[in-house]
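Notes to accompany the following structure.
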Amino acid sequence: MTLASQIKHAAKDALKVLYPDAAIELSTISVNQTKPEFNGDYTVVLFPFLKLLRQKPDAIGKQLGDYLVEKTGLFSGYEIVRGFLNLTVTDAHWVSFLMNHFTDAHYGERSKTDRRVMVEYSSPNTNKPLHFGHMRNIFLGAAMSEILRATGNQVVKANLINDRGIHICKSMIAWMRYADGATPESTGIKGDHLVGDYYVKFNDVYKEEIAQLVAGGMDEKVAEKESAIMKDAQELLRKWEDGDKEVRDLWQMMNGWVYEGFDESYKRLGISFDKVYHESDTYLLGKKIVEGGLRKGVLFKKEDGSVWVDLREDGLDEKLLLRGDGTSVYMTQDLGTAKLKYDEFKLNQSVYVIADEQNYHIQVLKLIMKKLGEPCADGIYHLSYGMVELPTGKMKSREGTVVDADDMVSEMINLSREQTEQSGKTEGFAQDELAKLYETIGMGALKFYLLRVDPKKRMIFDPKESIDLHGYTATFIQYAHARICSILRKENVAISPDCTKFQSFVQVTELLPLEKKIMLALEEYPLILSDAADEFNPSSICNYSFQLAQMFNTFYDAHSISKAESEEKKQLRLMIIVMTASVLRHAMHLMGIRLPEKM
RNA sequence: GGCCCGGUAGCUCAGCUGGAUAGAGCACCAGCCUUCUAAGCUGGGGGUCAUUGGUUCGAAUCCAAUCCGGGUCACCA
C-alpha cells in the first residue's frame, strides 16, 4: 500500500474515533502530496468534513493532526493552513523505507499472477518498409508488454503480418514488369525497401495510366478501374487465391525479402515477438465462425448470398461479414484471428495496438464476438493511438512525405555521435563501446520522444525537435544515471550493492528537503507503474522518470554526496542515489531504453 | 449529418477519479564549471486552461450547449 493510501485509512480511523456519530466515507478523504511552498509531506483536505462534523476547519485539523501524530507514530508534526492539514512524515520512516527497498531491482512491480494477456502490435503490411508512424505503434506495444509483465501479467507479444491482399500484388506486378530479376542480393538493397520501391513504382505507373485515360476523355472513376496495371494486379490476386504455383512462389520469395528486412529493423529497434501470425494462414478461419453464427441465427444472409450482422439496436449499422462470392473481408479474418488467439493462449485480455482510425472497426469486432457468444469478446481491448503527423501535414506514404524508420534510426545514432564528439566526452572509451553508446543514446531519444506523449493524442513529429538531446528527453535521464554511476564508481559502491554494508550507518535524523523530496518520489514509483498499466499509458512513466532525474540533478548541484557533512549523511545519500538509479533503470527498461554507466 | 477523440504559455506537451498562487521542455533574457560528468543547475519574462452557462465551500478537471480541429460511418485493408 502506498503511503498516501495508508494516510487515508489512518485519517478515516482517526475520524471514526474522534467523531463516532459522523460517518465519514473513505472516498471523502482526499490526500495529496503537500505543495512545495508549504511545510509538510502529505496533505489532508479538511473542507469535505465541515458539514458532516459541523466544526471549523482549524478545529478539525487540530484534533485530527494531534490524533495522527500521537497514535500512528508516522508523523513528526503538522501545520494547518487555510483548511489544509499538512502532515510531516518522520525522518525515521523515510530512512527505513530506503533500507527496505534501495537494493530491490524489482521495486515497484506487482507479484505475478496467472492472468494472461496478449499484446498485438506492429502488424505490418509486406509491401513496404516500416515508416515513422509504425514506430509509435511498435514502441507502444513493446512498452505496454513490459509494463503489463511488470504488473503481474503473463504477456504474449504478438505480431500479425498482413502478408496477402492487393497491396502485395501491386509490388509483385511492378517487380515482374520492371525489375529485370533484381533481388536484395543483386542490388544490395534491403529487402523491404526493394519491395517498397516497386510498390512506389506501381503507383507511379498507375497514376500515369489514369492520367492518360482521363486525357483521352475517360471519367476518372472509370479510369481507375480500367488502368491496365491495376487490372493486372487484380488478376494476380485472383491467381493467388486460386493457389497458382508460380504466383505463390513469387509471393513467397518477395515476402521473404521483406521479412529479412523487417527482422533487421526489429533487431535494430530492440523489438521481439513471442508469436507471429500470418494473415494468409488465418484469413479463412473467420468463415467458420460466420457459418456458426448463421446457424445460430445471429447473422443473416441476403439474396446475393452475402452474410451480414445487424448492429442497429446497438446504435450501429449492418456490417458485411462475407461477400456474395463467399470470400472474406477484413472483419472476417479478424474474427478468426481473435478466436485463434483466445483458443491458443486462453487469454484474459487481448490488447490490439492499432491507430485510432480503426476505433470503429474494433468496436464492431468486439460487438460481433459478443453477439456470437464467443468467450474472447470481453477481453478485447483496443489500445488506440493518435496518428503521427509532420509539421507540414499528415504522413502518407503515397505523398512522399513519409519518414522511413531505418533512416530515422540512422539519423538519431549519427546525431548522438556528433553530439558526443562535440562535447569531448569520448575519452576512455574503446571504439566498440562508443558505437554501442551512440546507439543507446540515439535509440533512447527516439523511443522516448514517441512514448512521452499520451497515446490517444495525435502527435506532431517535428524532425528538428525530435533530435534535440536536451531537456525532456531520454538523454537527460541517461545523463543523470551516468552521473550517479560515476559517483558510485569513485566511492567503490556497486550499482546494486549489498544492503548489509549500509545497515550500520543508518542513524541519520535530520533529512534535508531535497533528500526527502527524492525519497517521496521514489515512494511513489509503484503507484506510477500501476497506473500506467491500468490506463495503458506509458507516457506517465516517461514523465515520472524525467522528474526523478531532474530532482537528482538539482540535488547533485546543491549538495555533495562524496563530501557530505558526515559519514552517516554520505551513506544515506549513497543509498538514495543507488535507489534513484535503480528506479530509473527499471522505468526506462520498460520503455526499451538502456541507461549507460558512462557517457 | 450520426458516433468517437482532442482544444492548456510563441512551439511541443504534463496536470483531468474536483483542492492551496495552473506546471515542464524548447525558444528568449540574466547568472553558475580551480570542488562528485555544464548532455547540468539557479533565476526571469510569457496564460481569458476554446467560448458560454450550470453543479459547490472550491472547477483546467464534473455536466450541458456552442465554436474550432481530427477520425470514422466501404462487397478497401
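Order of the sequence lines fixes the chain letters, A, B, ..., with proteins taken first and strands second; residue numbering starts at 1 for each chain. Here the structure is a predicted model, which means the values were calculated and not measured.
Rounded to the nearest Å, the gap between the P atom of B:A60 and that of B:C41 is 30 Å. Using P as the reference atom, B:A22 and B:A59 are 13 Å apart when rounded to the nearest Å. Between B:A64 and B:G6, the distance separating the two P atoms is 14 Å to the nearest Å. Between B:U17 and B:U21, the two C1' atoms lie 24 Å apart (nearest whole Å). Nucleotides B:G10 and B:A50, compared at atom P, are 13 Å apart to the nearest Å. Rounded to whole Å, the separation between the C1' atoms of B:C36 and B:G43 comes to 24 Å. Separating the P atom of B:C67 from that of B:U52 is a span of 15 Å, rounded to the nearest Å. For B:C49 and B:G23, the P atoms lie 14 Å apart once the distance is rounded to whole Å.
Glycosidic conformation of B:C41: anti, with the torsion beyond 90° of 0.
By the stacking rule of 5.5 Å between ring centres and under 30° between planes, A:Phe38 stacks on the base of B:A20. Remark: ring of A:Phe84 overlaps the six-membered base ring of B:A20 in a stacked fashion, centroids less than 5.5 Å apart, planes less than 30° apart. By the criterion of a centre-to-centre distance under 5.5 Å and near-parallel planes under 30°, the ring of A:Tyr556 forms no stack with the base of B:G40.
Side-chain proximity of A:Val329 to B:C36, B:U12, B:A77: nearest is B:A77. You'll find that the side chain of A:Glu357 is closest to B:G71, out of B:U21, B:G71, B:U37. Among the nucleotides B:G40, B:A20, B:A14, the one closest to the side chain of A:Arg483 is B:G40. Checked against B:C36, B:C73, B:C76, the side chain of A:Asp317 finds its nearest nucleotide in B:C73. Checking B:C13, B:A77, B:A20 against the side-chain heavy atoms of A:Asn162 singles out B:A77 as nearest. Nearest nucleotide to the A:Glu279 side chain, out of B:C36, B:C41, B:A77: B:A77. Comparing B:A14, B:U37, B:G71 by their nearest atom to the side chain of A:Asn543 picks out B:A14.
Applying the 4.0 Å criterion to OP1 and OP2 of B:A14, one finds that A:Lys457 has a side-chain N or O inside that range. Close to B:C36, at under 4.0 Å from its OP1 or OP2, lies no side-chain N or O of A:Lys570. Under 4.0 angstrom from either OP1 or OP2 of B:A38 there lies no side-chain N or O belonging to A:Ser423. At the phosphate of B:U37, OP1 or OP2 sits under 4.0 Å from a side-chain N or O atom of A:Ser486. For B:C73, the OP1/OP2 oxygens have no side-chain nitrogen or oxygen of A:Gln363 closer than 4.0 Å. Taking side-chain N and O atoms only, A:Lys598 has no distance below 4.0 Å to OP1 or OP2 of B:U37. Look at A:Tyr479 and you'll find a side-chain N or O under 4.0 angstrom from OP1 or OP2 of B:A39.
In this model, no side-chain donor or acceptor of A:Asn553 finds a partner on the base of B:A39 within 3.5 Å. A donor N or O paired with an acceptor N or O is not found under 3.5 Å between the base of B:U35 and the side-chain atoms of A:Lys563. With hydrogens and angles ignored, a donor-acceptor pair closer than 3.5 Å exists between the side chain of A:Thr43 and the base of B:A20. Judged by distance alone, with hydrogens and angles left aside, A:Ser539 brings no side-chain donor or acceptor close enough to the base of B:A14 to form a pair under 3.5 Å.
A:Thr126 and A:Asn255 are linked by a side-chain donor-acceptor pair at a separation below 3.5 angstrom, with hydrogens and angles left out of the test.
Residue A:Gln419 is classed as a base contact, given a heavy-atom separation below 4.0 Å to a base. Among the atoms of the strands shown, base atoms are found under 4.0 Å from some heavy atom of A:Ile441.
Between A:Arg238 and the choices A:Gln234, A:Glu235, A:Glu241, the side chain to side chain donor-acceptor pair (under 3.5 Å) rule is met once, by A:Glu235.
Between A:Val453 and A:Leu320, it is A:Val453 whose nearest contact on RNA chain B lies nearer the 5' terminus. Nearest-nucleotide assignment on RNA chain B puts the 5′-proximal partner with A:Ile460, out of A:Ile460 and A:Lys490.
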**Request:** Apply side-chain contact (heavy atoms from CB on, under 4.5 Å) to A:Phe429 and A:Lys598, showing your working.
**Result:** CA-CA 9 Å; A:Phe429 284 95; A:Lys598 235 171 103 181; 3.8 Å; yes
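For A:Arg164 and A:Tyr283, the positive end sits near the middle of the six-membered ring, less than 6.0 Å away and at most 45° from its axis.
No donor-acceptor pair under 3.5 Å is formed between the side chain of A:Asn159 and the backbone N or O of A:Val276. A:Trp251 places a side-chain N or O within donor-acceptor distance of the main-chain N or O of A:Asp163, the cut-off being under 3.5 Å.
Rounded to an integer number of Å, the gap from CG of A:Leu514 to P of B:C36 is 19 Å. Taking atom CD1 of residue A:Ile528 and atom P of nucleotide B:G15, one finds them 10 Å apart after rounding to whole Å. Atom OH in A:Tyr360 sits roughly 16 Å away from atom P in B:C5 (whole-Å rounding).
Atom CD of A:Gln422 has 12 or fewer heavy atoms from other residues, nucleotides or ligands within 6.0 Å. Heavy atoms from other residues, nucleotides or ligands lying under 6.0 Å from NZ of A:Lys302 number more than 12. Environment of NZ in A:Lys570: crowded, with over 12 heavy atoms of neighbouring residues, nucleotides or ligands closer than 6.0 Å. In the displayed structure, A:Lys62 atom NZ is contacted under 6.0 Å by at most 12 heavy atoms of other residues, nucleotides or ligands.
Shown here, B:U21 forms no base pair; nothing in the strands shown gives a Watson-Crick or G-U wobble contact with both key distances under 3.5 Å. When both distances must be under 3.5 Å, the Watson-Crick or G-U wobble mate of B:G6 is B:C68. Across every strand in view, B:G1 sits in a pair with B:C73 that passes the Watson-Crick or G-U test at under 3.5 angstrom.
At a non-hydrogen distance threshold of 4.0 Å, A:Asp468, A:His470, A:Gly471, A:Tyr472, A:Thr475, A:Phe476 from residues 468-476 of chain A come into contact with RNA chain B.
Using bins of under 30°, 30° to 60° and over 60° for the plane-to-plane angle, the ring pair A:His361/A:Tyr330 lands in the parallel bin.
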